[in-house]
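Below: the structure, in structure tokens.
Side chains are part of it too, since the values below use all heavy atoms of this structure and drop only hydrogens, waters and symmetry mates. Per chain, numbering begins at 1; letters A, B, ... match sequence-line order. These figures come from a predicted structure and were not determined experimentally.
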Amino acid sequence: MEIELTNVTKTIKGADVLKNITYTFRGGCIYGVSGKNGCGKTMLMRIIAGLIYPSSGEIRINGKRLGKDISFPESIGLLIENPAFLPDYTGYENLKLLAKVQGGLSDADIRGVLQEVGLDPEDKRKFYKYSLGMRQRLGIAAAVMGRPQIILLDEPINAIDADGVEEIRGIIRGLIHEDRIILIACHDKEEMDYMADIVIPMSEGRILSETEEKG
Amino acid sequence: MATIIAMEFKKMMRSRGMRAALLAGALIVVLQTGWSFRHIYLENEQSYRKIAEWTYGDPGYGRWFECTILEGWLGCESFSSYNMLYFLILPILAVMPYGLSFYNEWQSTYSAQIIVRCGRGKYLWAKYLATFISGGIAAALPLLLSLLLSACYLPAIPTDPVSLQTVLMDRSMWAFLYFEHPVCYALAYTGLDFVYGGLFACITMTAARWLRNRFGAAMLPVLLHCIGYYCIYNLLPETESYLFSLYLDPNQSWGMVGEISTGPVVLTTVLLAAAVTGIFIGSNRKRDVLTD
Amino acid sequence: MNKKWIAWICAGILVLGLAGRIWYVNQNARLPEINRVPQGESAVWSGLKFQITHAELWDYEEFYKAYDAESHMFEGELSSEWDAKVIVLEFRIDRIEEEADTLNIVNPIVYVHTRNDTDTFLTAAINPNLQEGTFRSGETIRIPYTIFEFNIGRQNWKKVENMTMQYTVRLGNYPVRNEMLVTDIEKM
């Protein structure tokens, strides 16, 4: 499993949000993207997911060009910004809808992933009644259900309590596989150092070199 | 593709907006049916009981007509205000169920969850179809309900032109159906209103992106409807066959607007549908999934 | 029996009930008995016997000139876009019953799905026996009906111009509907 970015630049309304990104992600470890707010972490994840198109450059996933050979990664789960679901549906119903679109997931799989993230599959509360922490957990569940080959998690431990953070760490570490790329963005440096095997520092849309990071 | 379409349909039918739109439409239908029953049917029944009293000198002599189904149908009953009310708010009813669903999902980035699972193209087409159908259902179902309720007390007999029960003239669109096959006329017009209900919902869905104001986008079809009816027609009366504001109502403005004919209506509908579809799909095909 | 079955049964009963009601309403519709009378034959209605003895089709302005009734022509009645014609029907009217009123002659003409009544002042103007009050049972009067293209559209108007339009004069509507057919029309 490999994601290769070559000279990827993204310009939005005249501003370069990503500048000349060249990097290769390989399966078998957790990548952490660190940097302050607005440095381009979320944009990087969006561009890998095929949600935004690069202004220049190329992204290849297992050799296939994103936007040309494939329009979106074939197996991906993501949690970007605030997790969004249908407000009038329960957590289970929301995942069930997504699972139907995704295909290959049974009811037992959905219940299992909900329990994994600490949510009750039998909970009849609609999503709009969920607390922030519950929403975050549901977002993680949606990202990891079906064990996709690419998992992008933007600030996964936001609003999660201390016990929950351990659970989430355990889930993420349990997903490491040579055929899987896990990319986490987190503003908490300590958390990043703990979770990620490789940390990629970013600033102003660029991936910093070691020298730049230390400087 | 079938899966994502089914999912969108399920969401659409379950939406609060759909329930509200159908409830509002049903309320208008029930009130209008009650009005028609009392003021049209019962009044006619009263006249019927007096037939035996007719004499040659009586102005009513030989002048009784059985009421027809279209006299009680919301689409053609023009004595009360319900017909005018319904067709004025029809664009709003059409937009209510699902017109802003795409905008809301895009803004909340829920659409990202769907796109990464099935692809952008399938999502856009499924959303377009569901939105179209939702608008059509909201527009057409009350008309069908009204037809059903009318059928429970009014027979589906041809309209007698001597009766003065008619709202159309011979030069009106589908006049033959109206006079000879009233139920077919009602169903054909319900079909036309279904299409336009769908288009209104899709216009809102398409425009929401640029307007960035949900209320404004929802009101856009109403605005177009009013501009067509009150402005364009008065300035350019020769455009009557091309203004949906005039031919959406089955009573076709009581047959008074020139000569609405099928050809221009079909052309306008096809062009409008093509434009809305093209703009929606074309503008979102390569659009970045970002919160505006 | 679970809720789903009960719901289906209730729905079925409702559908059958509605279908039955609709069938009943249509079966019991009070339709008139239709009596079609060919031109030249007579029909009795309202104590009078009507017979169409002659029919003429005129161009609009030619009619008013021919009958010297230009004062009855409304200025601007015709627009440049839409045409009009006048069909004049000559009726013989006989009183059958004593109490019948021979002046009860305002019967509409029907063509395609349009009805027209006559202009009573114009009718009086072109019938001296009406104007002078000398009209008696057994006499004939001419009743003009103006036909407007605007009412029936361009397609149907072609039938008027090539003399293939079907006209009927309606005498009464319920319980008997007399339709006097106008089939032999002279183009003037």
Heavy-atom cut-off 4.5 Å, strictly under: side chain, backbone, both or neither for [X] against chain C?
| X | answer |
| --- | --- |
| Phe65(B) | side chain |
| Tyr178(B) | neither |
| Ile51(B) | side chain |

Considering only heavy atoms, which portion of Gln27(C) lies under 4.5 Å from any heavy atom of chain B: side chain, backbone, both, or neither?
neither
So what's closer than 4.5 Å to chain B heavy atoms on Leu31(C): side chain, backbone, both or neither?
side chain
Residue by residue, scan [range] and write down, ordered by number, those that have a heavy-atom distance under 4.5 Å to chain B; if none do, write 'none'.
| range | result |
| --- | --- |
| residues 173-188 of chain C | Asn173(C), Tyr174(C), Arg177(C) |
| residues 152-164 of chain C | Ile152(C), Gly153(C), Arg154(C), Asn156(C) |
| residues 15-23 of chain C | Leu18(C), Arg21(C), Ile22(C) |

Looking at side-chain heavy atoms only, is the closest gap between Val162(B) and Val110(C) below 4.5 Å?
yes
Less than 4.5 Å apart, side chain to side chain, heavy atoms only: is that true for Asn26(C) and Pro155(B)?
yes
Could you walk me through whether Arg170(C) and Asp160(B) pass side chain to side chain contact (heavy atoms under 4.5 Å, CB included), step by step?
CA-CA 11 Å; Arg170(C) 190 75 70 80; Asp160(B) 191 336; 2.8 Å; yes
Which residues, numbered in order, of residues 27-43 of chain B come under 4.5 angstrom of chain C by heavy-atom distance?
none
Quick one: do His113(C) and Met169(B) satisfy side chain to side chain contact (heavy atoms under 4.5 Å, CB included)? Show the steps, please.
CA-CA 8 Å; His113(C) 302 102; Met169(B) 294 186 177; over 6 Å; no
Hey, does the side chain of Glu66(B) reach the backbone of Arg30(C) with a donor-acceptor pair shorter than 3.5 angstrom?
yes
Assess whether atom [atom1] of [X] is packed by more than 12 heavy atoms of other residues, nucleotides or ligands within 6.0 Å.
| X | atom1 | value |
| --- | --- | --- |
| Arg14(B) | CZ | yes |
| Gln166(C) | CD | no |
| Tyr242(B) | OH | no |

